[in-house]
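Step one of this worksheet: look at the structure below.
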There are 2 protein chains.
Amino acid sequence: MLQKTNFFVYPNITPKDSLFVIQNAVAKQSVLLIAGNCHVNYEGRASSKLDWGERLVMIKSDRSVLIHRSTGYEPVNWQPPGCIIQTELVNGIDLKIRAIRSQPRETLEILFDELSLVTILNLVDKGAFSLYVSEEDIKKSIMLRPSLIEENFRCIIDEKMQPTGFIDIFGVDEKGNPVIVEIKRGTVRKEAVIQLRGYIEPLSKTNPRIRGIIVAPKLGKGIKPLLDSMKLEYKRINAKKCAEILKRSEGSKISDFFTKPKS
Amino acid sequence: MLQKTNFFVYPNITPKDSLFVIQNAVAKQSVLLIAGNCHVNYEGRASSKLDWGERLVMIKSDRSVLIHRSTGYEPVNWQPPGCIIQTELVNGIDLKIRAIRSQPRETLEILFDELSLVTILNLVDKGAFSLYVSEEDIKKSIMLRPSLIEENFRCIIDEKMQPTGFIDIFGVDEKGNPVIVEIKRGTVRKEAVIQLRGYIEPLSKTNPRIRGIIVAPKLGKGIKPLLDSMKLEYKRINAKKCAEILKRSEGSKISDFFTKPKS
DNA sequence: CTATGCATGTCGATA
DNA sequence: TATCGACGTGCATAG
């Protein structure tokens, strides 16, 4: 066992000895890494079985569990934060880790017959994470500076009138035509066009002058003709410009959205 | 440096010394774990910044990159498989890791000013992963909800009439055409198609309107054209949906995986 | 609590 | 390669 200020390494620990180490690490909310030969069963919304093989199991401070194979961005099996972690010695030689989620009821069972490396990390991390432009940011930017849509565009917004998922922005152009703006943070796909069309369609029967504009940083391939055929419009928006506008209006708020201090 | 058959541990390695270790691990397609104090910038579809703090960076065999904080199921920053990994010494004292994805163009930059622990794992893992419900479960689900096959499909089944190995489900579609359903738990292979064809062939002589449908969670590569040529159909079935249907109907045991701890 | 929509979604299959 | 749909999606937010 190697001890350092912020980590402990247990090479080739026996399953029996690992019990205390793991329970202790979970209790102390450390980050636990377990590499070894294991077999995994999951039962819950679906069911899965993972045959024997060497993997890396990560149990984090919030008791989220990730089982990683040697490839793939996604863990092959997992349990979200807050689950119950149980450990048990099976047949006196194997280590069983059970991670149970209550809502929905899901159980994950990991059985190790060999542990190559157990590591405990105590990560001190208070750094703020900030993601620069979200759909909400774009919306705010447009509200702050409607000319981003076009000259003399005005937003007519009653916040209560805007349930999420419905219209992003409702406004009026310089000729007084009503305008429905749909914001996309990424590339405009067919679905977004259909969605906007769905909003415009019923309204255009009472007012044919209504316009629909999709605002996004990028237009997907082949989407332009679709927009044209549906008489909808596209306005490209620049992420950096949004960030600038937000920063200028209320400099302190820019990085407020995603701050999550950790310890 | 501790060496074992399938892992290497480098406690408190200097950024300078880590360069070779990391490059070598990436070249050899090992799984690389780097714990230390770092700062992260991401620029691509969006942009993000993560201030200084201690995290665990995982670079997997397929060059996917995951940056994990002490909490959260999801990595705070990441790069999907296949990206380019570059390492660099900054100011002679800091380690910069750059992970670049080409399509879409995205860059991830991790700057370490301190490495607490670098680990290299060589995970041998040939175990099969299967997300599934049993063939029996699928059959039950379809009996309980025939619309899983298609709208207005009806099962015409006498349980005793169904010797195993013959027809899985016999039914009628909304136009009154007889339908033979073959269920596969896993990926549909050529043999399953041949098998179903074997059932349909003789019957279609007396009734050319008979249909054959293979129900499975997955269609093998190149099987679609084969099905088409034999005028057979494929209906994808979702394991999760089956599990839900079964669970809702009553507590039927979906599986009994964990009776055998080891083989 | 459920319901809804976004995501650097990821991942796979298909044209 | 771009598009499309599914996912144990996860996740936040609204009602």
Side-chain angles (χ1 to χ4, degrees), chain A residues 40-48 50 64-67 71-83 99 101 103-108 129 131-139 159-160 162-166 168 182-192 194-195 217-218 220-223 226 239 257-258 260, chain B residues 40-50 62 64-67 72-83 99 101-108 129 131-133 187 217-225 234 236-244 247 254:
Chain A
V40 185
N41 268 319
Y42 152 78
E43 180 109 13
R45 285 167 291 180
S47 310
S48 77
L50 178 59
S64 47
V65 179
L66 310 171
I67 304 175
T71 62
Y73 160 79
E74 294 179 319
V76 59
N77 279 110
W78 71 93
Q79 206 64 287
C83 66
R101 179 190 194 180
Q103 192 59 298
R105 179 76 179 188
E106 300 193 288
T107 58
L108 183 66
F129 175 70
L131 188 67
Y132 290 133
V133 183
S134 63
E135 185 169 290
E136 194 56 30
D137 293 339
I138 298 174
K139 182 173 173 179
E159 267 301 332
K160 280 154 285 189
Q162 306 280 334
T164 47
F166 191 45
D168 290 316
E182 172 154 339
I183 298 166
K184 285 295 160 201
R185 176 173 159 45
T187 304
V188 177
R189 293 164 174 274
K190 197 165 62 178
E191 301 89 74
I194 307 286
Q195 190 185 359
K218 217 181 150 193
K221 197 154 191 175
I223 298 299
L226 183 64
F257 309 124
F258 294 87
K260 209 185 291 177
Chain B
V40 185
N41 267 317
Y42 153 75
E43 181 105 14
R45 285 166 293 181
S47 310
S48 76
K49 186 179 73 170
L50 179 60
D62 56 2
S64 46
V65 179
L66 310 172
I67 303 174
Y73 159 78
E74 294 180 318
V76 59
N77 280 110
W78 71 91
Q79 205 63 284
C83 66
R101 180 190 192 180
S102 50
Q103 191 64 344
R105 180 74 180 189
E106 299 193 287
T107 58
L108 183 65
F129 175 72
L131 181 69
Y132 68 113
V133 286
T187 304
K218 219 181 150 194
L219 197 59
K221 198 154 191 172
I223 299 299
K224 186 69 171 59
Y234 168 67
R236 183 168 186 264
I237 197 145
N238 184 288
K240 174 187 160 193
K241 198 169 285 180
C242 289
E244 277 170 16
K247 200 159 281 178
I254 289 175

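First the proteins, then the strands, lettered A, B, ... as listed; each starts at 1.
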Suppose we screen for side-chain contact (heavy atoms from CB on, under 4.5 Å). Which residues come up paired with A:Leu226, at least two apart in sequence or across chains?
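Checked A:Leu226 against side-chain contact (heavy atoms from CB on, under 4.5 Å); matches are A:Lys190, A:Val193, A:Ser229, A:Met230.
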With sequence neighbours left out, write down each residue that passes side-chain hydrogen bond (donor to acceptor under 3.5 Å, both in side chains) with [X], or none if nothing qualifies.
X	answer
B:Asn41	none
B:Ser64	B:Asp62
A:Glu106	A:Tyr42, A:Arg45, A:Arg101
A:Thr107	none

From [options], pick the nucleotide closest to the side chain of [X]?
X	options	value
B:Arg236	D:dT9, D:dA6, C:dT8	D:dA6
B:Asn77	D:dG8, C:dT8, C:dC6	C:dT8
B:Ser48	C:dT8, C:dC6, D:dG8	C:dT8
A:Arg101	D:dA2, D:dG8, C:dT8	D:dG8

Are any of B:Trp78's side-chain N or O atoms less than 4.0 Å away from OP1 or OP2 of C:dG9?
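Answer no for this pair, as no side-chain N or O of B:Trp78 is under 4.0 Å from OP1 or OP2.
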What are the atom names and distances for every N/O pair under 3.5 Å that joins the protein to nucleotides 11-15 of chain C?
residue	atom	partner	partner atom	Å
C:dC11	OP1	A:Tyr73	N	3.2
C:dA13	OP1	B:Lys218	NZ	3.4

Could you work out the separation of D:dG5 and D:dT9 based on their C1' atoms and round it to a whole Å?
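Rounded to whole Å, the distance is 13 Å.
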Select from A:Ile223 and B:Phe129 the residue whose nearest nucleotide in DNA chain D is closer to the 5' end of that strand.
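The residue mapped nearer the 5' terminus is A:Ile223.
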Take atom [atom1] of [X] and atom [atom2] of [N], then tell me their distance rounded to the nearest Å.
X	N	atom1	atom2	value
A:Arg45	D:dA6	CZ	P	17 Å
A:Ile194	D:dT3	CD1	C1'	13 Å
A:Arg105	D:dG8	CZ	C1'	15 Å

Sugar-phosphate only, base, or nothing, as touched by A:Glu106 at under 4.0 Å among non-hydrogen atoms
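Touches a base.
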If you pin B:Gln79 and A:Gln103 to their nearest nucleotides in DNA chain C, which one's is more 5'?
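Nearer the 5' end of the strand: A:Gln103.
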